[in-house]
Amino acid sequence: MINRLKPKISKQGSFVLIFLLLSSICAFGQEQKTKDIITNPGVLITIVLILIPLLIAVYLATAKVRNLVKKVKAQDVNEQKTAISQSLREDELKTLRQSLENRKTAVEYKLTNKELGGDLPPEDAKGMIHRVSEVNIARFIPDKKRSTKRPSVNPELAKLIIWYLGGAAFWLVLGTSIGEYLGIKFVAPDVDHISWLSFGRLRPVHTNMVFWGWCSLAMIGLGYYVVYTVSNTIVKSLKSAWLAFWLINASVMLGSLSLMAGINNGGGEYREYIWPIMLLFAIGVVITLINYLNIIAKRATKEIYVSNWYIVSAVIFTIVITLVAYLPFWQNGLGETIAQGYYMHQGVGMWFMLFVLGLVYYFLPQQLNTPIYSYSLGILAFWTQILFYTVIGTHHFIFSAIPWWLQTTAIVGSVGMLIPVAAGTTNFLMTMRGNFHKVGSSYTLPFYLVGIVFYFTGSYQGTAEAFRSANLYWHFTDFTVAHSHLTMYGIITFFLWAFIYTLVPRLTGKEPTHGLVGAHFWMALIGMMFYTVPLMIGSTLRGVEWMEGKPFIDTVANMAPYWVWRAIGGSLMWASHLIFAYNLYTMTRKSGDIDTQTVLFNQLNREDNI
């Protein structure tokens, strides 16, 4: 290669020399300004021509270094070959010696009558042999990691938490059974002609039941455990906690019956309960706040852990937004619409999301046995969520009569939500760093992982949906329904399931059937995707048709196939809730087996007392 380049280099060198001489002659004959010299074409050409051989020299030097490296490697290989050949000679002697010893062993060999059975235990990863006597589980499903035993919890507090979770599971099954029926109505709208079962009445029954019954009860019950544990103290008033439990349940029950009877607030979404019924829920939340604050005030630790920041703030914001939604002072004209946007979005973001994030900051690190990655990121996410989320309510009313500047403020706040979501997602994923291999052997971590993923994707989708250009297509379509399920189901509900499967075995000492937990997880996840993705596709196409001026009834007919997928996905989700309810039952039911050891020790203690 070097020989081939020599003539080219010499020609280029001659050319450069002649060019430089000519350039110098021109320079002597003409006067140029200093500032123009760098832009002179001749100088530029000279620089280029000088760079060409320099680049070639660099290339040749690189090739030379590569050849040198190859020689060094070849020398090492030769040395290794020599060493291997010497070791082979020694190995031949060892092989000969080993052959003689094997021959001697063969001559002296005698049968042990265990040749067919062997002394080693069989490899039985699927449990077909070792668990052959077990009839209550599918033995071909590998075991997941068992729940780690933790310090015991006050039995009265454990009982309270289990009742909160049991009540939440009841409303989940009942509320989504109604949702399943509503999904069927999209495919068969004439399935009934009963006013109490009409779509307009059952839809708010479904949403309020899963909001205030399932999510709220589950969060409050789990919150008692987290606030109590991180404060390292006791719950001051269990009686008031029971009162809050019954008040919230009464609110959901009476609210559902009143909605089915056609008695409602006449306001916006999620505040259909009339104010006396919602007052019961509000009183329950106020009692809960007082209990949480009393526990934190009596904490044995100096600092307040970040979970308590999120949880207490969520309860305070809920009281505020409820007052905003139901006080009549600003419920006229556009004021009611603005209040509705504030209430609706703060209910999702400052009650459910803020509370659940607080629970994540406790349960995720504790389940992984790993500290939270960054306390500072948690505080950043906390304050930026409060800053931005509280102003985004009116992005549900883009292109409405609401002042344009207020709509723009909501859009800017939606963009600002990228900060807390990115901070929270980074915090959670970095906490899981080095622990992803545990996901396959755990029946709880998959729920955490799905919640984290949809926390990122669902929240960012909400930001994209707030833009005016996107709102033109997606507003008033089922895209909003899909988005709400990605967030309230993919984030809130999956996280709540993760917490419940983490906590309840510690409170009761009983594990759920791992195969059924897996069935619950996959049916819920696949069902949610079947539900949301077709709705997003169909709604986008529907928005395009609206923009093109197509007849409204034609767009309704075109949505029929996507509503079928909605019904299929909803059916899978609903079936997974039945499995979850059964799993919760198996973790909390009283065993009929008699603990002989406990009975014996109790009897001995009585005899000693006598």
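In this text, all values refer to a predicted model and were calculated from it rather than measured experimentally.
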Classify the side-chain pair [X]/[Y] by whether it contains a donor and acceptor separated by less than 3.5 Å.
X	Y	result
Thr444	Gln367	yes
Trp546	Thr555	yes
Thr540	Trp474	yes
Trp574	Ser177	yes
Asn291	Ser240	yes

Report task. May I ask you to check if Arg468 and Trp404 form a cation-pi contact, with NZ or CZ under 6.0 angstrom from the six-membered ring centre and within 45° of the axis? Result ->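 Yes, a cation-pi geometry holds between Arg468 and Trp404.
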Query raised in the report: Do we get Arg566 above Phe530's six-membered ring, with its NZ or CZ under 6.0 Å from the centre and within 45° of the axis?
Result: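 Pair Arg566/Phe530 does not count as cation-pi.
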Query raised in the report: Does the pair Phe447 and His520 meet the rule for a ring-ring contact (aromatic ring centres under 6.0 Å, His included), with working shown?
Result: CA-CA 10 Å; Phe447 289 94; His520 166 209; 5.3 Å; yes
Flag, side chain of [X] to backbone of [Y], donor-acceptor distance under 3.5 Å:
X	Y	value
Thr532	Leu486	no
Thr384	Ala381	yes
Thr394	Leu406	yes
Tyr460	Leu418	yes
Tyr164	Phe245	yes
Asn308	Ile304	no
Thr487	His483	yes
Tyr224	Leu160	no
Thr176	Gly179	no
Tyr305	Tyr361	yes

Which atom of [X] lies closest to which atom of [Y], heavy atoms considered:
X	Y	result
Val356	Leu496	CG2-CD2, 4.3 Å
Ala482	Leu535	CB-CB, 4.0 Å
Leu541	Tyr562	CD1-OH, 3.3 Å
Glu336	Gly266	OE2-O, 4.4 Å
Phe495	Ile452	CZ-N, 3.5 Å

For residues [X] and [Y], determine if any side-chain heavy atom of one lies less than 4.5 Å from a side-chain heavy atom of the other.
X	Y	answer
Pro420	Leu380	no
Thr588	Leu584	yes
Ile398	Phe467	no
Leu202	Tyr181	yes

Report task. Give the intermediate values and the outcome of side chain to side chain contact (heavy atoms under 4.5 Å, CB included) for residues Gln385 and Met353. Result -> CA-CA 10 Å; Gln385 175 143 343; Met353 191 68 73; 3.9 Å; yes
Query - Sequence neighbours excluded - side-chain hydrogen bond (donor to acceptor under 3.5 Å, both in side chains) pairs with any residue from residues 326-335 - result: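 Residue pairs with at least one partner in residues 326-335: Arg271-Gln331.
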Report task. Take Thr502 and Tyr448, measure what side chain to side chain donor-acceptor pair (under 3.5 Å) needs, and give me the verdict at the end. Result -> CA-CA 10 Å; Thr502 300; Tyr448 285 100; 3.0 Å; yes
Query raised in the report: Passes side chain to side chain contact (heavy atoms under 4.5 Å, CB included), Arg542 versus Asn558? Steps please.
Result: CA-CA 8 Å; Arg542 192 180 192 187; Asn558 293 338; over 6 Å; no
Are [X] and [Y] close enough that their ring centres sit under 6.0 Å apart?
X	Y	answer
Tyr270	Tyr343	no
Phe352	Phe211	yes
Trp242	Trp163	yes
His577	Trp497	yes
Tyr310	Phe382	yes
Phe454	His485	no

Distance in Å, [X] [atom1] paired with [Y] [atom2], rounded so as to fall on 0.5 Å steps:
X	Y	atom1	atom2	answer
Met523	Leu578	CE	CG	8.0 Å
Ile316	Tyr292	CD1	OH	12.5 Å
Tyr273	Asn208	OH	CG	4.5 Å
Leu165	Met219	CG	CE	12.0 Å
Leu157	Leu507	CG	CG	8.0 Å
Ile392	Gln346	CD1	CD	6.5 Å

Requested in this report: Start with the C-alpha distance between His396 and His475, add both sets of side-chain angles, then the distance that settles side chain to side chain donor-acceptor pair (under 3.5 Å), and finish with yes or no.
Outcome: CA-CA 8 Å; His396 285 269; His475 201 47; over 6 Å; no
Query - Contact list for residues 159-186, test salt bridge (charged side-chain N to carboxylate O under 4.0 Å, His left out), sequence neighbours left out - result: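 Output for this query lists Lys185-Asp192.
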Query raised in the report: Quick one: salt bridge (charged side-chain N to carboxylate O under 4.0 Å, His left out) pairs with a partner in residues 197-210, sequence neighbours left out?
Result: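 Counting only pairs at least two positions apart or across chains, the salt bridge (charged side-chain N to carboxylate O under 4.0 Å, His left out) contacts touching residues 197-210 are Arg203-Glu269.
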Requested in this report: Return the orientation label for the Tyr225 and Tyr362 ring planes: parallel under 30°, perpendicular over 60°, tilted otherwise.
Outcome: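 Aromatic pair Tyr225/Tyr362 classed perpendicular.
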Report task. Give the C-alpha distance, both sets of side-chain angles, the deciding distance and a yes or no for side chain to side chain donor-acceptor pair (under 3.5 Å) between Trp351 and Ser216. Result -> CA-CA 9 Å; Trp351 171 231; Ser216 298; 3.1 Å; yes
Query - Residue Phe476 excluded, over 12 heavy atoms near CZ under 6.0 Å - result: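 Incorrect, the count does not exceed 12.
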Report task. Start with the C-alpha distance between Val315 and Ile220, add both sets of side-chain angles, then the distance that settles side chain to side chain contact (heavy atoms under 4.5 Å, CB included), and finish with yes or no. Result -> CA-CA 9 Å; Val315 181; Ile220 292 173; over 6 Å; no
Query raised in the report: Under the side chain to side chain donor-acceptor pair (under 3.5 Å) criterion, do Tyr375 and Asn427 qualify, and how do the steps go?
Result: CA-CA 9 Å; Tyr375 200 92; Asn427 218 1; over 6 Å; no
**Report entry** Derivation and outcome, side chain to side chain contact (heavy atoms under 4.5 Å, CB included), residues Met350 and Ile386
**Finding:** CA-CA 8 Å; Met350 305 307 289; Ile386 291 176; 3.8 Å; yes
